[in-house]
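What follows is one structure encoded as structure tokens, with my remarks underneath.
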Amino acid sequence: MSFSSLVSDITYRTSDRDDLRSQASRARSYASTAATSVSICGDISSQLHGGYSHPLARAWQAERQLTKSMLIYPLFISDQPDEETLIPSLPNQHRRGLNRLVPFLAPLVSKGLKSVILFGVPIAPGAKDALGTAADDPQGPVIQSIRLLRRAFPDLFIVADVCLCEYTSHGHCGILRDDGSLNNALSIDRISDVAMAYADAGAHCVAPSDMNDGRIRAIKLKLIEGGIAHQVVLMSYSAKFSGCLYGPFRDAAGSCPSFGDRRCYQLPPGGRGLARRAIARDINEGADIIMVKPASQYLDIISDAKEIGKDLPVAAYQVSGEFAMIHAAAKAGVFDLKAMAFEATEGILRAGATIVVSYFTPEFLDWLSN
């Protein structure tokens with residue numbers, strides 16, 4: 001082959017390869033353009049998957065992520081110092097006497113427990129009467145446990161539930177008239193005295209759950225008069241609904257009404273407007289934190305509470321019936337217990353709560369550490 005023929009042949013082959021590469025590039029460009037036009041359908045904002053393609057990125061999508069500091073653990077404090085009794089309807093929960101508290105709480109505090117809420121359970125014969133006088137007995141279970149826990153765990157935030165139902169012979173949340181109806185004026189005077197006794201004993205927070213009209217104002221005024229309003233948090237059960245989810249709690253606290261029910265002072269399940277009014281009222285009367293109870297069935301009310309009290313923390317109480325139902329369904333194989341505990345609690349946070357009163361707290365202390 002002559003030199004000129006060799007050059008011509010090489011030029012032809014190079015040109016052919018360039019043409020093939022050009023064709024391949026055009027094919028790839030066409031495929032990319034076609035795929036893009038199909039996937040985005042003209043709107044690039046529809047592409048969401050990349051934003052939660054990694055576990056950490058998924059966590060970042062939550063407006064609120066559950067932390068240990070959000071949790072409050074309910075404790076049932078017996079007036080029998082050495083009692084430790086399992087509550088059959090409330091899985092893994094016990095009624096404990098004063099001597100059993102510190103050994104039980106010490107490992108939880110070491111795992112990161114930040115707060116507890118105390119419910120007194122008088123069992124001794126004759127401990128209950130029409131006025132609930134045992135509620136603020138200096139030797140009673142709540143005041144004694146406040147003092148004990150302040151000494152044993154200086155960094156533990158102690159909330160004292162304030163109500164009379166555990167201490168009254170009739171089981172209602174206040175003082176009654178002769179006809180059995182609630183005497184609101186006498187009730188709020190008594191409730192506010194009990195709240196002051198708990199605050200004086202060292203409770204960081206008092207939480208009236210009785211639902212008597214005007215009790216937040218009455219408590220706030222007595223805290224101011226007592227010179228301790230600046231150091232005591234007032235958390236109101238502002239939207240507490242009547243219903244069938246309190247059974248296991250009443251078994252634990254011995255607080256079932258001896259007659260009638262609590263529908264005349266707890267909110268009706270459909271009363272969203274009433275709940276909004278109660279929340280606004282309690283904020284105006286001086287509440288520092290608003291609570292909704294129960295939680296999972298009232299996510300709309302939690303959302304309303306966050307809207308109305310946008311500058312206040314919102315708490316939600318996942319009550320005993322909610323907790324027991326999750327356990328029962330998990331035991332029946334309906335779902336995994338841990339997965340549902342997280343899902344239910346994350347729903348409460350998503351609705352607007354930043355504090356959750358939960359019987360799952362001991363488990364969450366472990367789960368959130370792993």
Side-chain angles (χ1 to χ4, degrees), residues 48-49 52-76 84-96 104-105 107-108 111-117 119 240-256 269-270 291-303 315-370:
L48 304 179
H49 291 173
Y52 53 96
S53 57
H54 184 279
L56 182 58
R58 290 175 67 86
W60 287 342
Q61 295 296 332
E63 292 182 17
R64 300 170 189 86
Q65 296 182 41
L66 181 63
T67 64
K68 295 177 182 180
S69 63
M70 292 177 169
L71 297 166
I72 301 176
Y73 185 41
L75 296 175
F76 299 100
E84 190 166 41
T85 303
L86 182 68
I87 303 159
S89 58
L90 199 53
N92 305 325
Q93 309 303 307
H94 293 73
R95 195 165 48 237
R96 290 184 171 88
F104 169 67
L105 287 176
L108 298 181
K111 293 177 182 179
L113 178 66
K114 303 297 184 185
S115 180
V116 294
I117 183 168
F119 298 93
K240 180 179 178 181
F241 290 83
S242 63
C244 58
L245 290 171
Y246 303 126
F249 176 94
R250 292 172 184 170
D251 291 343
S255 59
C256 287
M291 186 192 292
V292 176
K293 177 183 180 183
S296 297
Q297 282 76 7
Y298 296 92
L299 297 180
D300 58 327
I301 309 301
I302 296 173
S303 180
Y317 196 145
Q318 187 184 59
V319 300
S320 59
E322 296 174 77
F323 175 78
M325 284 195 298
I326 292 173
H327 264 274
K331 187 176 180 180
V334 175
F335 43 61
D336 176 74
L337 180 69
K338 177 181 175 181
M340 180 49 70
F342 269 103
E343 186 173 333
T345 306
E346 287 166 356
I348 293 166
L349 298 181
R350 188 185 67 247
T354 52
I355 302 166
V356 183
V357 183
S358 174
Y359 297 99
F360 280 114
T361 296
E363 288 84 357
F364 277 134
L365 295 177
D366 288 327
W367 293 336
L368 291 170
S369 295
N370 297 329

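Keep in mind that what you see is a predicted model, and the values were worked out from it rather than measured.
Counting all heavy atoms, side chain and backbone alike, Leu299 lies closest to Gly347 at CD2-O, 3.9 Å. Closest approach of Pro269 to Ser242, counting heavy atoms only: CG-O, 3.6 Å. Closest non-hydrogen pair, Ala295 versus Ala316, comes out as CB-CB, 4.0 Å. Scanning all heavy atoms of the two residues, the minimum distance from Ser358 to Pro74 falls at O-CD, 3.4 Å. Scanning all heavy atoms of the two residues, the minimum distance from Glu322 to Pro294 falls at OE2-CB, 3.3 Å.
With sequence neighbours excluded, the residues satisfying ring pair (Phe, Tyr, Trp, His ring centres under 6.0 Å) with Phe360 are Phe323, His327. Among residues two or more places apart in sequence or in another chain, the side chain to side chain donor-acceptor pair (under 3.5 Å) test is passed with Thr85 by Glu83. Applying the side-chain contact (heavy atoms from CB on, under 4.5 Å) test to Glu84 and every residue at least two apart in sequence or in another chain returns His94, Arg96, Arg100. Partners of Phe364 under the ring pair (Phe, Tyr, Trp, His ring centres under 6.0 Å) rule, at least two apart in sequence or in another chain, are Phe342, Trp367. Taking the side-chain contact (heavy atoms from CB on, under 4.5 Å) definition, one finds that Ser303 meets it with nothing, sequence neighbours left out. Residues satisfying the side-chain contact (heavy atoms from CB on, under 4.5 Å) criterion with Ala329, sequence neighbours excluded, are Val334, Phe335. Among residues two or more places apart in sequence or in another chain, the ring pair (Phe, Tyr, Trp, His ring centres under 6.0 Å) test is passed with Tyr246 by none. In this view, Lys338 satisfies the salt bridge (charged side-chain N to carboxylate O under 4.0 Å, His left out) rule with no residue, not counting sequence neighbours. Listed by chain and number, the residues in a side chain to side chain donor-acceptor pair (under 3.5 Å) with Tyr298 amount to none (sequence neighbours excluded).
The distance from atom CD1 of Ile87 to atom CG of Asn92, rounded to the nearest 0.5 Å, is 10.5 Å. Here OG1 of Thr345 is found 7.0 Å from CD1 of Ile326. Values are rounded to the nearest 0.5 Å. Note that the CD1 atom of Ile348 and the CD atom of Glu343 stand 11.5 Å from one another [nearest 0.5 Å]. Rounded to the nearest 0.5 angstrom, Leu113 CG and Ile72 CD1 are separated by 10.0 Å. Here CD of Gln61 is found 9.0 Å from CG of Leu48. Values are rounded to the nearest 0.5 Å. In this structure, the separation between CD on Gln297 and CD1 on Ile302 is 10.0 Å, given to the nearest 0.5 Å.
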Show the numbers, then the answer: is there a side-chain contact (heavy atoms from CB on, under 4.5 Å) between Thr361 and Val356? CA-CA 9 Å; Thr361 296; Val356 183; over 6 Å; no

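Residue pairs that meet the salt bridge (Lys or Arg N to Asp or Glu O under 4.0 Å) test with at least one member in residues 361-370, sequence neighbours left out, are Lys111-Asp366. Residue pairs meeting the side chain to side chain donor-acceptor pair (under 3.5 Å) criterion with at least one partner in residues 64-76, sequence neighbours excluded, are Thr67-Ser69, Lys68-Ser369, Tyr73-Gln93. Pairs engaging residues 348-358 under the salt bridge (Lys or Arg N to Asp or Glu O under 4.0 Å) rule: none recorded [sequence neighbours left out].
The closest side-chain heavy-atom distance from Leu108 to Val116 is not below 4.5 Å. Met291 has its side chain within reach of Val357: a pair of non-hydrogen atoms, C-beta onward, lies under 4.5 Å apart.
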